[in-house]
Colleague: 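Just dropping this structure here.
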There are 2 protein chains.
Amino acid sequence: MHTYSQKLNSNDVARRAGVSQATVSRVLSGSSSVREETRNRVLAVIEELNYQPNAFARAMKTSLSGTVGVVVSRITNPIVPEILLHLANKLTGHGRQMVVWNTDTEGEDGVVNAIRQRVIDGLIFTAAGEQSAAMQAARKNGMPVACINRHITDPGISQIAGNNLEGALTIADYLVSAGRKRIAMINGPLDRSTLAEREAGIRQGLAAAGRELPEQYYARSEFAHDKFRDLAIAMMRQPSPPDAIACGNDVIAFAVLCGLRAEGLDVPDDVWVTGFDGIEMAGWDVFDTTTMKQPLDAMATATVEALVDSIENNETEPRMVRFATELVIRGSTANTPYRNC
Amino acid sequence: MHTYSQKLNSNDVARRAGVSQATVSRVLSGSSSVREETRNRVLAVIEELNYQPNAFARAMKTSLSGTVGVVVSRITNPIVPEILLHLANKLTGHGRQMVVWNTDTEGEDGVVNAIRQRVIDGLIFTAAGEQSAAMQAARKNGMPVACINRHITDPGISQIAGNNLEGALTIADYLVSAGRKRIAMINGPLDRSTLAEREAGIRQGLAAAGRELPEQYYARSEFAHDKFRDLAIAMMRQPSPPDAIACGNDVIAFAVLCGLRAEGLDVPDDVWVTGFDGIEMAGWDVFDTTTMKQPLDAMATATVEALVDSIENNETEPRMVRFATELVIRGSTANTPYRNC
DNA sequence: AATTTTTGTGAATACGTATGCATTTATGAA
DNA sequence: TTCATAAATGCATACGTATTCACAAAAATT
């Protein structure tokens with residue numbers, strides 16, 4: 001038999017330690033100096049009674065909850081859990097919790113309420129949403145915000161992302177220098193800054209080689225596996241199909257590979273495929289996708305640091321960080337060496 | 001120019017509406033009866049001032065936060081985001097928020113603290129963890145708990161899962177009746193009830209057909225893509241390789257398919273493969289995996305209902321629900337019709 | 001009309017912590 | 001030793017809500 005841990009408060013601790021409640025509070029928050037001996041006595045009682053400070057009372061006084069919100073657009077997009085994993089690890093390291101909102105299916109009401117009620121100390125955006133209700137609510141309520149893997153025009157907000165333009169330039173150069181003649185691109189919505197920047201990089205890279213991205217080698221659709229798959233099929237059924245398809249990200253590349261497989265085409269013999277992001281699945285044999293790897297771990301670290309500094313130290317200077325990406329060559333392109341200049 | 005929404009409290013509303021603070025509280029919580037006219041007047045002022053009740057103060061009084069915790073083992077396992085998506089939707093429908101802990105990399109300290117401090121009203125377990133620190137802490141602190149997609153021996157906890165045994169029996173019957181002669185199984189850790197139950201189902205199903213699962217056709221490893229992949233390769237290199245591999249779940253099946261592809265084997269000509277779960281990716285062309293689909297949406301609904309009832313209505317009777325699964329036949333097995341008896 | 005019951009409302013209090021202010025104790029300089 | 005200064009601690013209060021108790025008014029019952 002056991003009893004639920006009875007509700008203790010700092011007064012109980014204070015009484016037993018022979019100090020005032022204020023001292024207990026000071027020991028816990030470390031805000032003010034407490035004599036070594038007194039501190040140890042209090043800590044011993046806390047240990048002995050198994051006392052846990054009341055998070056709500058603390059939050060009410062400080063207006064800080066220790067919780068950070070994360071807004072994602074589609075949690076089932078495989079890159080999202082990878083990002084969430086890193087964010088959660090970093091936040092845990094700061095003694096913070098993570099609330100997740102999936103705006104795709106939930107809508108934004110939940111986040112907006114949380115912002116207005118300030119039940120979170122700060123917000124991380126993975127989803128686009130420059131003009132989203134959540135972003136506007138955050139701005140209006142003066143809530144610290146950081147964006148990971150997205151660029152927005154507001155210069156007052158910390159933004160941590162990979163260098164998509166440079167990465168895409170490298171991909172274009174890699175494909176051109178490997179002798180690909182008819183390079184195509186399949187991309188997703190351009191209101192996602194990552195995809196827009198990568199497309200710009202591919203176009204720019206081709207132009208630098210005196211090439212271009214002709215209309216019939218370019219296709220774009222909203223974000224849906226089957227749509228990308230069908231675009232790939234349609235593209236390869238053209239009279240003169242491309243011999244390389246650069247995709248806006250790995251997930252698009254997977255869908256394209258599915259389409260090619262459905263058409264009975266061989267990769268890389270018939271056509272090369274490249275992705276972008278370097279998510280785990282890209283290394284699986286069935287995909288084996290050449291990709292541009294983003295350092296998600298470092299990006300998550302930077303994002304959390306920026307946000308936490310903004311929360312704890314009233315740091316107002318936004319941080320704009322671009323991380324270098326790394327070309328990972330795999331079987332979806334012939335195994336040719338490539339020296340990045 | 002704008003100002004941040006100034007901090008209002010229920011006293012401000014009360015004053016402006018010409019009532020007492022208690023009445024404002026009653027209007028908001030709906031706990032007690034308020035005259036129609038008074039209520040409307042208060043609501044009008046709330047609207048006018050754009051007042052938001054303070055969630056922390058409310059939480060302190062009621063000892064309820066409106067937040068539910070979800071414990072997952074590995075958020076990057078593709079079935080996890082699918083489950084989280086459904087859970088989040090249902091929780092949002094109940095006006096609740098979701099905190100996620102990924103015990104694989106974060107450890108359990110975060111959850112345990114949250115439990116002890118009661119910053120969450122209830123907890124949903126996706127991860128195993130019958131003997132986990134979090135589960136024990138939840139029990140010790142009398143926190144409402146529900147398990148989805150996992151079975152634990154504690155009969156005092158609501159458990160919602162698919163009928164793994166029946167589903168696996170069906171798979172075995174399907175493979176046998178389709179004429180597969182050498183049926184193998186590749187599985188993950190048996191301390192995951194889902195995998196254990198499915199293995200039992202396969203064995204039982206084979207036995208019912210007068211067959212068995214010989215040692216050389218059975219392999220198991222911890223949960224890691226490469227391990228499953230290598231197990232598949234090793235199994236197919238045997239003198240008399242199997243002509244069908246039943247996998248503990250879809251993700252294992254994906255790894256097996258990767259191994260088969262690496263070996264240059266054809267599916268389903270050389271060997272059939274089945275998964276279990278029916279996650280989205282199983283329908284992608286590169287996998288095209290025959291699987292046993294679990295009704296995750298319904299399962300999530302049942303889980304959240306059980307937990308919320310337990311929280312709000314002090315419902316103590318645990319709910320044990322098993323959902324029927326559905327065989328989805330795809331290209332990883334020859335497209336033979338199957339009549340489930 | 002007189003009584004009982006119900007309904008609506010206000011005053012006061014408690015939840016558990018952090019912190020400004022006042023006070024005591026320790027420390028160091030003269 | 002004496003005084004000035006710094007460090008350590010206690011007292012009291014505020015954070016914003018929910019809720020008990022008391023009471024008045026209205027409704028229902030006799």
Side-chain angles (χ1 to χ4, degrees), chain A residues 5-43 45-46 49-67 95 113-114 116-119 121 311-312, chain B residues 5-43 45-46 49-67 95 113-114 116-119 121 311-312:
Chain A
S5 59
Q6 55 206 331
K7 241 353 191 187
L8 294 169
N9 60 28
S10 45
N11 274 300
D12 299 318
V13 174
R15 204 172 306 121
R16 188 142 172 76
V19 298
S20 74
Q21 179 268 327
T23 298
V24 175
S25 173
R26 282 188 266 255
V27 167
L28 280 167
S29 65
S31 60
S32 175
S33 55
V34 176
R35 189 154 48 113
E36 183 74 16
E37 186 208 319
T38 312
R39 156 173 288 113
N40 290 337
R41 191 146 35 96
V42 171
L43 287 175
V45 173
I46 287 174
L49 297 183
N50 192 22
Y51 161 76
Q52 292 286 122
N54 183 306
F56 299 140
R58 188 173 264 185
M60 182 165 74
K61 280 301 292 184
T62 61
S63 296
L64 289 174
S65 62
T67 300
N113 277 335
R116 294 180 48 185
Q117 300 190 176
R118 271 204 116 71
V119 295
D121 299 341
I311 294 170
E312 294 178 357
Chain B
S5 58
Q6 55 207 332
K7 243 351 192 187
L8 293 169
N9 60 29
S10 45
N11 274 300
D12 300 318
V13 174
R15 205 172 305 121
R16 188 143 173 77
V19 298
S20 73
Q21 179 269 327
T23 298
V24 175
S25 172
R26 282 188 267 254
V27 168
L28 280 166
S29 65
S31 59
S32 174
S33 56
V34 177
R35 189 152 49 110
E36 184 75 16
E37 187 206 320
T38 312
R39 154 172 289 113
N40 290 337
R41 191 147 35 97
V42 171
L43 287 174
V45 173
I46 287 174
L49 298 183
N50 192 23
Y51 161 75
Q52 292 284 124
N54 183 306
F56 300 140
R58 189 174 264 186
M60 183 166 74
K61 280 302 291 185
T62 61
S63 295
L64 290 174
S65 63
T67 300
N113 277 336
R116 292 181 46 184
Q117 301 189 176
R118 271 205 116 74
V119 295
D121 299 342
I311 294 170
E312 294 179 357

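Owing to the predicted nature of the structure, the values given are computational and were not obtained by experimental measurement. Chain letters run A, B, ... following the sequence lines, proteins first, then strands; residues in each count from 1.
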Colleague: Quick check: do A:Val45 and A:Val24 have side-chain heavy atoms less than 4.5 Å from each other?
Modeller: no
Colleague: Should B:Asn50 and A:Arg116 count as side-chain neighbours, where that means a heavy-atom distance under 4.5 Å?
Modeller: yes
Colleague: Looking at five pairs on each end of the helix from C:dA1-D:dT30 to C:dA30-D:dT1, what is the angle between the two axes, given to 10 degrees?
Modeller: 30°
Colleague: Can you check the A:Arg118 CZ to D:dC15 P distance for me, whole Å?
Modeller: 17 Å
Colleague: So how far is it from B:Asn54 CG to A:Phe56 CZ, rounded to the nearest 0.5 Å?
Modeller: 12.0 Å
Colleague: For residues 24-35 of chain A, which residue pairs pass the salt bridge (Lys or Arg N to Asp or Glu O under 4.0 Å) check, not counting sequence neighbours?
Modeller: A:Arg35-A:Glu37
Colleague: With sequence neighbours excluded, give me every salt bridge (Lys or Arg N to Asp or Glu O under 4.0 Å) pair touching residues 55-66 of chain A.
Modeller: none
Colleague: Applying a 4.0 Å non-hydrogen cut-off, can you work out what A:Thr23 is touching in the nucleic acid: base, sugar-phosphate, or nothing?
Modeller: sugar-phosphate
Colleague: Separation of A:Arg39 atom CZ from D:dT9 atom P, in whole Å?
Modeller: 9 Å
Colleague: Provide, to the nearest angstrom, the distance between the NZ atom belonging to B:Lys7 and the C1' atom belonging to D:dC15.
Modeller: 11 Å
Colleague: Going by side-chain hydrogen bond (donor to acceptor under 3.5 Å, both in side chains), name the residues that satisfy it together with B:Asn9, two or more places apart in sequence or in a different chain.
Modeller: none
Colleague: Say you draw a straight line from CZ of B:Arg118 to CG of B:Asn113; how long is it, rounded to the nearest 0.5 Å?
Modeller: 14.5 Å
Colleague: For A:Arg39, check salt bridge (Lys or Arg N to Asp or Glu O under 4.0 Å) against everything at least two apart and list the hits.
Modeller: none
Colleague: Considering residues at least two apart in sequence or located in another chain, which fulfil the side-chain hydrogen bond (donor to acceptor under 3.5 Å, both in side chains) criterion with A:Arg16?
Modeller: A:Glu48
Colleague: Could you check if a side-chain atom of B:Thr38 sits within less than 4.5 angstrom of a side-chain atom of B:Val27, using non-hydrogen atoms only?
Modeller: no
Colleague: Considering non-hydrogen atoms only, spot the tightest contact between A:Ser65 and A:Ala59 and give its length.
Modeller: CA-CB, 4.3 Å
Colleague: Locate the shortest heavy-atom distance separating A:Val119 from B:Ala55; write the atom from each residue and the value.
Modeller: CG1-CB, 3.3 Å
Colleague: Do you know the tightest heavy-atom contact between B:Val19 and B:Arg41?
Modeller: CG1-NH1, 4.1 Å
Colleague: All N/O contacts under 3.5 Å from nucleotides 4-8 of chain D to the protein, with atom names and distances to one decimal?
Modeller:
| unit_1 | atom_1 | unit_2 | atom_2 | d |
| --- | --- | --- | --- | --- |
| D:dA8 | OP2 | A:Ser33 | OG | 2.6 |

Colleague: Tell me, please, which residues at least two apart from A:Ser63 pass side-chain hydrogen bond (donor to acceptor under 3.5 Å, both in side chains).
Modeller: none
Colleague: Within the 4.0 Å limit for protein heavy atoms, which parts of nucleotides 24-29 of chain D are touched? Write it as a string from 5' to 3', B for base, S for sugar-phosphate only, - for none.
Modeller: ------
Colleague: Strictly below 4.0 Å, heavy-atom distances to any atom of DNA chain C: list the hits from residues 51-64 of chain B, or just say none.
Modeller: B:Met60, B:Lys61
Colleague: Could you check which residues of residues 12-19 of chain B get a heavy atom under 4.0 Å from DNA chain D? Sort them by number, please.
Modeller: none
Colleague: Among all residues two or more places apart in sequence or in another chain, which pass the side chain to side chain contact (heavy atoms under 4.5 Å, CB included) test with A:Ser29?
Modeller: A:Ser31
Colleague: Would you say the side chain of B:Leu8 lies within less than 4.5 Å of the side chain of B:Val13, judging by non-hydrogen atoms?
Modeller: no
Colleague: Specify the separation, in whole Å, of atom CG of B:Leu28 and atom P of D:dG16.
Modeller: 15 Å
Colleague: Measure CD/B:Gln21 against P/C:dT13 and give the value in whole Å, please.
Modeller: 14 Å
Colleague: Find the distance A:Arg26:CZ to C:dA18:C1' and express it as a whole number of Å.
Modeller: 9 Å
Colleague: Does A:Ser10 make a side-chain N or O approach to OP1 or OP2 of C:dT17 shorter than 4.0 Å?
Modeller: yes
Colleague: Round to the nearest Å and state the distance from B:Asn9 atom CG to D:dC15 atom C1'.
Modeller: 9 Å
